[in-house]
Amino acid sequence: MYKKFIGCIREYKVPTLLTIFFITLEAVIESVIPFITSKLIDKIDPKLNVSVEMKAVLIYGLALVLLALLSLACGGIAGFTCAKASAGFSKNLRHDIFHKVQDYSFENIDHFSSSSLVTRLTTDVNNVQMAYMMIIRIAVRAPLLLIFSVIMAFVTGGKLALTFVVIIPFLVCGLLLVARFAMPAFRRVFKKYDRLNESIEENVRAMRVVKGFSREEYEKKKFFVAADDIRKDFTKAERIVAMNGPLMQICIYANMVVILLIGSKLIVGGSLEVSVISAMLTYGFQILMQLMMLSMIYVMLTMSGESMKRIAEVLNETPSLVNPENPLMSVKDGSIDFNNVGFKYSKHARNYSLENVDLHIRSGMTVGVLGGTGSGKSSLVQLIPRLYDVTDGSVEVGGEDVRRYDLDTLRGAVAMVLQKNLLFSGTIKENLRWGNENATDEEIVEACRLAQADEFINTFSDGYDTYVEQGGTNVSGGQKQRLCIARALLKKPKILILDDSTSAVDTKTDAAIRAGFQTYLPDTTKIIIAQRVASVEHSDLIIVMDNGQIVGVGTHDELLANCDIYKEVYEQQTNGGAEE
């Protein structure tokens, strides 16, 4: 796991190493300063030769000033390089996570909720960034300064430094206990962050539904419960961590009392100088402070350890769909063959979403797919661009198994307009160029005219430069569908799949869109999934699905004569109202 995170340092190795170097230098200087201070105090003695000793005082004073300035410079440079290294590390980590997610298949994405992925890209990365910053700065400074201070304490105070042998283990045990009891609460928080983000995401996406059903108060309560749950865990954890302060104060002052008590007796006995007491008090404060910093690092690393595990889950997830060796780089035509296909979304699922599907579609045909909700229509077409792999059998496009194609090549030959149409923030023109980034303005206008979108676009004051809000919230459902169809037309694919993508437009517009397909894409295989018989009755071939199986295949007239389900749907939609 750690190799993946170390690999994210990349071009920020130099700032990282510079941070460690300057922090080490700062720690050495900080440990020397109390020793020089004690020597300075020794020279301040009225019994000594004033002129001689003043020179020594000036020398030691100047040395202290230079050391302090050097320490300040080292700390400042380390702070700059540390910020650059940690921010760069987190940038690379986000880059790697995002690129990994882009390689996921739908099956991989199903393993993580979208809110969980957002939390991992934001909160978890921030925690790891903070931990990295502490590792290359505080985690280097604290133990070095601790070691140097202990050494200098024994050099300066001799046996008096043995007071630290008692106080340090006591403080270490106390800090470890604090961290141990605080960690479970911190760990629980991360999963609750996922639920909080999920609540926000659902509420924002479904704002119209929430307001339509007047459920604002319910959503507020749900959010409050999630937020309050996080508050309780953080309060509990912070309350425990807050014990660090009193524990540290007790140890610091207890150490000072012991040093002053023993040191005073030694001074009175003439075996110890006053300057040594000053140095020992400073070293004692440094030692205990560094122990407290180490406890903070321990808490932060434990928190970030949980975040690292969550990020590693994303980075270690193996994409279920990968390019084969020596993949095919071109698709001959739009012919489609389902050869005894069986499919289920999970390997552990008991029931198949599709069973015994045997279907053959010639290139250039217009194919309608009809069936009730949950009959397997969307599952069927998602196998064509290999958004999922079949469980049994095979799917062929252009006479070749889809698993033999380069994924980009295959998906470049297939255009899908899904049930949930999505537009991105940007202008209408920018959204349409998702279909073809090199499309000319004339091609864009033509595609929109065929998709029956040109008329309403021209009613906007900025026309094709009209800004579309995130998710297309400032256009209607029907307008969004027509823009998505135009985007697919610009791709000029070998296979065009419309997954119930004209449900929000009237029948006249629907018919006009279908007529445009015949003139604009005569050689493209067109698959139209619909709930309305009128949307598919003129197709070259109509497929009727029920419970994951094909129960009827033929033209409109053939299915009326041979397929009871198709006949029943047709009669309900054409004259059912009159009969009632």
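Numbers here simply count residues along the sequence, with the first being 1.
A donor-acceptor contact under 3.5 angstrom links the side chains of Ser307 and Asp124, judged on distance only. Of the N and O atoms on the side chains of Asp406 and Asn323, at least one donor lies less than 3.5 Å from an acceptor on the other residue. In the model, Asp465 has no side-chain atom that pairs as donor or acceptor with a side-chain atom of Thr427 under 3.5 Å. Tyr467 and Asn474 are not linked by any side-chain donor-acceptor pair at a separation below 3.5 angstrom, with hydrogens and angles left out of the test. Judged by distance alone, the side chains of Asp333 and Ser335 do bring a donor and an acceptor atom under 3.5 Å apart. For Glu317 and Asn108, the side-chain atoms include at least one donor-acceptor pair closer than 3.5 Å.
Taking each heavy atom of Ala439 and Ile444 in turn, the nearest pair found is CB-CG1, 4.1 Å. Lys377 and Leu370 make their closest contact through CD-C, 3.9 Å (heavy atoms, listed as atom of the first residue, atom of the second, distance). Nearest heavy-atom pair across Ala530 and Val536 is CB-CG1, 4.0 Å. Of all the heavy atoms in Ala415 and Lys491, the pair that sits closest is CB-CD, 3.8 Å. The two residues Leu496 and Thr524 come nearest to each other via the heavy atoms N-CG2, 3.7 Å. Minimum interatomic distance between Leu93 and Cys8 (heavy atoms only, all atoms of both residues): CD1-SG, 3.7 Å.
Ion pairing of Glu430 with Arg433 is absent here, as no side-chain N (NZ or NE/NH1/NH2) approaches a carboxylate O to less than 4.0 Å. Salt-bridge formation is detected for the pair Glu217/Lys220: a Lys NZ or Arg NE/NH1/NH2 atom is positioned less than 4.0 Å from an Asp or Glu carboxylate oxygen. Ion pairing of Asp408 with Arg411 is absent here, as no side-chain N (NZ or NE/NH1/NH2) approaches a carboxylate O to less than 4.0 Å. Look at Arg231 and Asp228 and you find a salt bridge, because one of the NZ, NE, NH1 or NH2 atoms lies within 4.0 Å of a carboxylate O, short of that distance. Here Lys91 pairs with Glu11 in a salt bridge; the nearest charged N to carboxylate O distance falls below 4.0 Å. A salt bridge links Asp96 and Arg10; the closest N-O separation between the charged side-chain nitrogens and carboxylate oxygens is under 4.0 Å. One finds a salt bridge joining Glu313 and Arg120 here, because a Lys/Arg side-chain nitrogen approaches an Asp/Glu carboxylate oxygen to under 4.0 Å.
The side-chain hydrogen bond (donor to acceptor under 3.5 Å, both in side chains) test with Tyr464 singles out one residue from Asn458, Asn431, Asp441, Asp454, and that residue is Asp454.
Interatomic distance, Met545 CE to Leu359 CG, rounded to the nearest 0.5 Å: 9.0 Å. Summarising the geometry, atom CD1 belonging to Ile384 is positioned 4.0 Å from atom CD1 belonging to Ile497; distances are rounded to the nearest 0.5 Å. Atoms CD and CD, on Glu216 and Glu219 in that order, are 9.0 Å from each other to the nearest 0.5 Å. Considering CE of Met130 and OG of Ser304, their distance stands at 10.5 Å, rounded to 0.5 Å. How far CD1 of Ile336 is from CG of Leu380: 9.0 Å, rounded to the nearest 0.5 Å. Here CG of Leu498 is found 4.5 Å from CZ of Phe517. Values are rounded to the nearest 0.5 Å.
The neighbour count for Glu437 CD, taken as heavy atoms of other residues, nucleotides or ligands under 6.0 Å away, does not exceed 12. Open room surrounds CZ on Phe98; 12 or fewer heavy atoms of other groups in view lie less than 6.0 Å from it. Other residues, nucleotides and ligands place no more than 12 heavy atoms under 6.0 Å from the NZ atom of Lys84. For Lys567, the NZ atom counts as loosely surrounded, since its 6.0 Å shell holds 12 or fewer non-hydrogen atoms of other residues, nucleotides or ligands. The number of heavy atoms from other shown groups lying within 6.0 Å of CG (Asn547) does not exceed 12.
In this structure, the side chain of Asn340 does not engage the main chain of Asp358 through any donor-acceptor pair within 3.5 Å. Checking side-chain atoms of Gln573 against main-chain N and O of Val533 turns up a donor-acceptor pair under 3.5 Å. Gln382 contributes no side-chain N or O that, together with a main-chain N or O of Ser379, makes up a donor-acceptor pair within less than 3.5 Å. Tyr104 places a side-chain N or O within 3.5 Å of a backbone atom of Val314 that can act as its donor or acceptor partner. The main-chain N or O of Ala312 is never found under 3.5 Å from a side-chain atom of Lys4 such that the two would form a donor-acceptor pair. No donor-acceptor pair closer than 3.5 Å links the side chain of Glu455 to the backbone N or O of Gln452. Remark: the backbone N or O of Cys82 is paired with a side-chain donor or acceptor of Ser86 at under 3.5 angstrom. At least one donor-acceptor pair closer than 3.5 Å links the side chain of Glu443 to the backbone N or O of Thr440. Using modelled atom types, one side-chain atom of Thr525 and one backbone atom of Gly334 make a donor-acceptor pair closer than 3.5 Å. No side-chain donor-acceptor contact under 3.5 Å links Asp229 to the backbone of Val225.
In this structure, the ring of Tyr566 has its center less than 6.0 angstrom from the ring center of His556. For Tyr388 and Tyr345, the ring centers are positioned less than 6.0 Å apart. For Tyr12 and Phe89, the ring centers are positioned 6.0 Å apart or more.
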- Task: Show your working on side chain to side chain contact (heavy atoms under 4.5 Å, CB included) between Asn339 and Glu396 and close with a plain yes or no.
- Result: CA-CA 8 Å; Asn339 301 310; Glu396 296 180 1; 3.4 Å; yes

- Step by step, would you call Tyr132 with Phe5 a side chain to side chain contact (heavy atoms under 4.5 Å, CB included)? CA-CA 10 Å; Tyr132 183 70; Phe5 288 94; over 6 Å; no

- Check the pair Ile528, Thr366 against side chain to side chain contact (heavy atoms under 4.5 Å, CB included), reporting the backbone distance first and the verdict last. CA-CA 8 Å; Ile528 303 171; Thr366 298; 4.1 Å; yes

- Task: Walk me through it: do Asp499 and Ser378 pass the test side chain to side chain donor-acceptor pair (under 3.5 Å)?
- Result: CA-CA 7 Å; Asp499 188 355; Ser378 295; 2.8 Å; yes

- Run the numbers on Val417 and Gln481 for side chain to side chain contact (heavy atoms under 4.5 Å, CB included), then give the verdict. CA-CA 8 Å; Val417 184; Gln481 285 187 337; over 6 Å; no

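Under the 4.5 Å side-chain criterion, counting only non-hydrogen atoms from C-beta, Leu383 is in contact with Phe343. The shortest side-chain heavy-atom distance between Leu422 and Phe424 falls under the 4.5 Å cut-off.
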